[in-house]
Amino acid sequence: MNTPAIGQAGRSDDSRHYAKGIPCPRCGRAAYRVQRNFMDLFINMFVSVHRYRCGSMSCIWEGNVRLKRLP
């Protein structure tokens, strides 16, 4: 049986978790979340943001996407 490994959160151990509904602003393909850097963490103190990278090999876009905070 070839079943994928499941991590602690019940997800597969694939490092690329494609975001639902977050398209790349440059090419429109699916984007996936990546680790935030120090400046992103500082910005996140004021505005909720996550860092994404385009999943396309020909597109090199990486940047922050602002998220709406829940009331």
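Owing to the predicted nature of the structure, the values given are computational and were not obtained by experimental measurement. Any value given below was found using the heavy atoms of this structure, including those in side chains, with hydrogens, waters and symmetry copies removed.
Not counting sequence neighbours, Arg36 has no partner by the side-chain hydrogen bond (donor to acceptor under 3.5 Å, both in side chains) test. For Asp40, the side-chain hydrogen bond (donor to acceptor under 3.5 Å, both in side chains) partners at least two apart in sequence or on another chain are Arg51, Asn64. Looking at residues two or more places apart in sequence or on another chain, you find no ring-ring contact (aromatic ring centres under 6.0 Å, His included) involving Phe38.
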>> The test is side-chain contact (heavy atoms from CB on, under 4.5 Å); show your working for Cys54 and Cys27 and say whether it passes.
In response: CA-CA 8 Å; Cys54 182; Cys27 69; 3.5 Å; yes
> Which is it for Arg53 and Tyr32 under the side-chain contact (heavy atoms from CB on, under 4.5 Å) test, yes or no, and what are the steps along the way?
Replying inline: CA-CA 5 Å; Arg53 181 178 294 150; Tyr32 61 94; 3.3 Å; yes
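Of all the heavy atoms in Tyr52 and Trp61, the pair that sits closest is O-CZ3, 3.7 Å. Nearest approach of Cys59 to Cys24, heavy atoms of both residues: SG-SG, 3.7 Å. Minimum heavy-atom separation, Arg66 to Val49: CA-CG1, 4.0 Å.
Annotation: the span from His50 atom NE2 to Gln35 atom CD amounts to 13.5 Å, rounded to 0.5 Å.
A continuous path of hydrophobic side-chain contacts links Met45 to Ile43 [ILVMFWY only; heavy atoms under 4.5 Å].
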